[in-house]
Peer 1: 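Dropping a structure here in structure tokens format, bear with me for questions.
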Amino acid sequence: SLQPRKTTTPCKHKRSYSMAQPVPPPRADRLHGMGYTVWTEFTPLAIKHKAVNLGQGFPDFEAASFILDAARNAVQQNINQYTRSQGHLRLVNALARYYSPLLKREIDPLSEIVVTMGATEGLFNTMMALLNPGEEVILIEPFYDSYPCDAAIAHAVCKYVPLRFSGQPRSSGEYKLDLEEVERAITTKTKLIVVNNPQNVPGKVYSLQELDAIATLAKKHNLYVLADEVYEAMTYDGIQHTRMASLPGMWNRTITLGSAGKSFSVTGWKTGWAIAPPEIASALWTMHQNTTFCSNAPMQEAIAVGFERIMDLEPDYFDKFRAEFEGRRNRLCAILDKVHLRPIVPQGSYFVLADFTAIPESVYLDPSDSATKDHQFCRWLVKEIGVAAIPPSAFYSKENASLGSNLARFCFCKSDKTLEEAEKRLQKILEYIPS
């Protein structure tokens, strides 16, 4: 039988969506201050103005054919699934064989190497695994810009010590680390010091005497050393690269980072490694397995093949590699010099700083703009000259940013075609310099 239709009375207490509480802020406090980077500004700016990009550090030429062939073969051989979390077996065995003589000890491939998603993950894992909230890390300026961010996420405290120079340096070797200043920055809370060697900018390669002095401080104050050595294959003018972990008494307190992206010119493969004593490597792996778990399997296979080829068939590969990059360095330094951008010739890495004080400030400086002088110069360079560079004050703390205020950072890991086009465009600078 038919039932009477039920009627409903609106509930007086029903919540209106328009009255709902706003959602909480999506960004955690630990991310405070991490939104803007020079990359978020200058990469889109370079694209917008179709500038020659000498700012971002990636090669725009092909890597060696043997490493590319090895990657194709790895994919075709179906090495496409998860691999061992600590690192693909073939790769860790190759790395142990390659680095053992360099670090002056037998590296255990199973307990002393962790393969990461680029050396950048190795940095993050080290900071997170070693630093407790409130503990301190010493950063040498100018620094790679991930260092302070990683420390902040670990709730650690950064203590900054800049490289110093006098006058107008012509070589990165003129940048000096004041060891007394380093020691004054050390407190009872200091746990880690980061040594980037060769240093991203200014391209300084630390001498054995300098590294010995840093090692002495580390042992005296019982510190760990994060040895960021991703530019190990890029040292010039016959300068030798010394590895921190190879020094007496330093193996048990050093984490050494390396990078396939830098050593084989394949930055997009995002494969790096950390080499450390078992107890430290285990802590890094704990972070790794709970973030990325494992790195790209076919790329790890290819990099292993690359190292095996270098060790067995082409032992002069890195000598040729250095000579090629040294030639690119020399070419870019000459280009910059001709347009009165005075280069500070780097001993290592693939970046060169150039002093732009010969260009009148009235050309690029807006007094109403709060941006630093090097930021304003680099913006002008992109918009008016059509060449992108990076302001190095971004790699300093606020207290020491003025040390980079007259400089711009250029990258020379570029093809001959790119450098030729940059040279053509940079000639326009001469129109702004009084005769």
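FYI, the numbering just counts along the sequence from 1. Quick note: numbers below take in every heavy atom, side chains included, and nothing from hydrogens, waters or symmetry partners.
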Peer 1: Would the Y364 and Y432 ring centres measure less than 6.0 Å apart?
Peer 2: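 When the ring centroids of Y364 and Y432 are compared, they turn out to be at least 6.0 Å apart.
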
Peer 1: Can you tell me how the ring of F377 sits relative to the ring of F356, calling it parallel under 30°, perpendicular over 60° and tilted otherwise?
Peer 2: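 Ring orientation of F377 relative to F356: parallel.
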
Peer 1: Is there a donor-acceptor contact under 3.5 Å linking the side chains of N197 and E229?
Peer 2: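 Distance-only check fails for N197 and E229.
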
Peer 1: For a quick check under 3.5 Å, do K373 and N406 share a side-chain donor-acceptor pair by atom type?
Peer 2: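 Side-chain D/A pair, K373 to N406: present.
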
Peer 1: Is the side chain of Y236 donor-acceptor paired with the backbone N or O of S349 at a distance under 3.5 Å, no angle test?
Peer 2: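 At least one qualifying donor-acceptor pair exists.
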
Peer 1: Return yes when atom OH of Y224 has more than 12 non-hydrogen atoms of other residues, nucleotides or ligands closer than 6.0 Å, and no otherwise.
Peer 2: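 Not more than 12 within 6.0 Å, no.
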
Peer 1: If you measure only the distance, is there a donor-acceptor pair under 3.5 Å linking the side chains of S415 and T418?
Peer 2: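 A pair is found: one side chain offers a donor N or O, the other an acceptor, under 3.5 Å apart.
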
Peer 1: Among side-chain atoms of E121 and N125, is any donor-acceptor pair under 3.5 angstrom?
Peer 2: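 Side-chain D/A pair, E121 to N125: present.
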
Peer 1: Answer yes or no: does atom CZ of R30 have more than 12 heavy-atom neighbours from other residues, nucleotides or ligands under 6.0 Å?
Peer 2: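 No, because the 6.0 Å sphere around CZ of R30 holds 12 heavy atoms or fewer from other groups.
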
Peer 1: Before accepting this row, confirm whether a basic side-chain N of the pair R170/D337 lies closer than 4.0 Å to the acidic partner's carboxylate O.
Peer 2: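 Here R170 pairs with D337 in a salt bridge, since their nearest N and O are under 4.0 Å apart.
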
Peer 1: Any ion pair linking E136 and K189 (charged N to carboxylate O, less than 4.0 Å)?
Peer 2: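 Looking at E136 together with K189, the answer is no, because their closest N to O distance does not fall below 4.0 Å.
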
Peer 1: Rounded to the nearest 0.5 Å, what separates atom CG in D355 from atom NE2 in H340?
Peer 2: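 Rounded to the nearest 0.5 Å, the CG-NE2 separation comes to 13.0 Å.
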
Peer 1: Kindly assign one of parallel, tilted or perpendicular to the pair Y350 and Y231, based on the angle between their ring planes and the thresholds 30° and 60°.
Peer 2: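 Y350 vs Y231 ring planes: perpendicular.
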
Peer 1: With a 3.5 Å cut-off and sequence neighbours excluded, list the donor-acceptor pairs that the side chains of residues 256-269 form with protein atoms.
Peer 2:
| residue | atom | partner | partner atom | Å |
| --- | --- | --- | --- | --- |
| S259 | OG | G261 | N | 3.1 |
| S259 | OG | K262 | N | 3.1 |
| S263 | OG | S259 | O | 3.2 |

Peer 1: So, S85 and W285: side-chain donor and acceptor under 3.5 Å apart, yes or no?
Peer 2: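 Present: a donor and an acceptor within the cut-off.
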
Peer 1: Mind checking what makes salt bridge (charged side-chain N to carboxylate O under 4.0 Å, His left out) contact with E232, not counting sequence neighbours?
Peer 2: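 By the salt bridge (charged side-chain N to carboxylate O under 4.0 Å, His left out) rule, E232 matches R243.
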
Peer 1: Could you give the distance from CG (D178) to CZ (R164), rounded to the nearest 0.5 Å?
Peer 2: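 With rounding to 0.5 Å, CG (D178) is 7.5 Å from CZ (R164).
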
Peer 1: Angle class for the Y147/Y144 ring planes (parallel below 30°, perpendicular above 60°, tilted otherwise)?
Peer 2: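 The rings of Y147 and Y144 stand perpendicular, inter-plane angle above 60°.
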
Peer 1: Are there more than 12 heavy atoms of other residues, nucleotides or ligands under 6.0 Å from atom CD of E180?
Peer 2: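 Atom CD in E180 is not crowded, with 12 or fewer foreign heavy atoms closer than 6.0 Å.
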
Peer 1: Any donor-acceptor pair under 3.5 Å linking the side chain of T37 with the backbone of T40?
Peer 2: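 Judged by distance alone, yes, a pair lies under 3.5 Å.
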
Peer 1: Looking at A394 and F143, what are the two nearest heavy atoms and their distance?
Peer 2: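 So the minimum-distance heavy-atom pair works out to O-CE1, 4.1 Å.
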
Peer 1: Can a salt bridge be assigned to the pair D374 and R409 using a cut-off of 4.0 Å between side-chain N and carboxylate O?
Peer 2: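 Result for this pair is no, no salt bridge flagged.
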
Peer 1: For F318 and F307, take the angle between the two ring planes, folded into 0 to 90°, and tell me which bin it lands in: parallel under 30, tilted 30 to 60, perpendicular over 60.
Peer 2: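 If you compare the ring of F318 with that of F307, the planes turn out tilted.
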
Peer 1: Kindly compute the distance separating SG (C294) from CD (Q300), expressed to the nearest 0.5 Å.
Peer 2: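 So the gap between those two atoms works out to 7.0 Å.
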
Peer 1: Does the ring of F61 carry K417 above it, NZ/CZ under 6.0 angstrom from centre and within 45° of its axis?
Peer 2: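 Verdict for F61: no cation-pi partner in K417.
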
Peer 1: What are the two closest heavy atoms between L91 and I303, and how far apart are they?
Peer 2: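 L91 and I303 have their closest heavy atoms at CD1-CG2, 3.8 Å.
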
Peer 1: Can you tell me if D29 has over 12 outside heavy atoms packed within less than 6.0 Å of its CG?
Peer 2: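 Counting neighbours around CG of D29, 12 or fewer heavy atoms of other residues, nucleotides or ligands fall under 6.0 Å, so no.
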
Peer 1: To the closest 0.5 Å, what do you measure between SG (C158) and CD1 (I138)?
Peer 2: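 One finds 10.5 Å between SG of C158 and CD1 of I138.
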
Peer 1: Supply the atom-to-atom distance I344 CD1 to R342 CZ, rounded to the nearest 0.5 angstrom.
Peer 2: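 That separation rounds to 6.0 Å.
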
Peer 1: I'd like to know if E324 and R328 make a salt bridge, using a cut-off of under 4.0 Å between side-chain N and carboxylate O.
Peer 2: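 Yes, this pair counts.
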
Peer 1: Would you name the heavy atoms of D150 and M127 that are closest together and state the gap between them?
Peer 2: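 The pair with the smallest heavy-atom distance is CB-CG, 3.7 Å.
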
Peer 1: Less than 4.5 Å apart, any side-chain heavy atom of S246 and any of L102?
Peer 2: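 Not touching, per the 4.5 Å side-chain cut-off.
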
Peer 1: With sequence neighbours excluded, what pairs up with E301 under the salt bridge (charged side-chain N to carboxylate O under 4.0 Å, His left out) test?
Peer 2: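 Result, salt bridge (charged side-chain N to carboxylate O under 4.0 Å, His left out) vs E301: R90.
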
Peer 1: About how many Å separate CD1 of I390 and CG of L407, when rounded to the nearest 0.5 Å?
Peer 2: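 If we round to the nearest 0.5 Å, L407:CG and I390:CD1 are 14.0 Å apart.
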
Peer 1: Between E421 and K424 (salt bridge meaning N to carboxylate O under 4.0 Å), is one present in this structure?
Peer 2: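 Yes.
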
Peer 1: Do you know the tightest heavy-atom contact between R322 and A233?
Peer 2: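 Looking at all heavy atoms of both residues, the closest pair is CG-O, 2.8 Å.
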
Peer 1: Given K204, which partner from the list E210, E174, Q199, Q347 fulfils the side chain to side chain donor-acceptor pair (under 3.5 Å) test?
Peer 2: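 Going through E210, E174, Q199, Q347 one by one, the side chain to side chain donor-acceptor pair (under 3.5 Å) with K204 is satisfied by E210 alone.
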
Peer 1: Please state whether the rings of F293 and Y82 are parallel, tilted or perpendicular, taking 30° and 60° as the class boundaries.
Peer 2: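 Rings of F293 and Y82: perpendicular, over 60°.
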
Peer 1: Can a donor-acceptor pair be found, under 3.5 Å and without considering hydrogens, that links the side chain of T286 to the backbone of S282?
Peer 2: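 Yes, because the side chain of T286 sits within donor-acceptor range (under 3.5 Å) of the backbone of S282.
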
Peer 1: Is it the case that the side chains of H221 and E183 hold a donor-acceptor pair, with the cut-off being a distance below 3.5 Å and no angle test?
Peer 2: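 Checked: E183/H221 side chains pair up, N/O donor to acceptor below 3.5 Å.
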
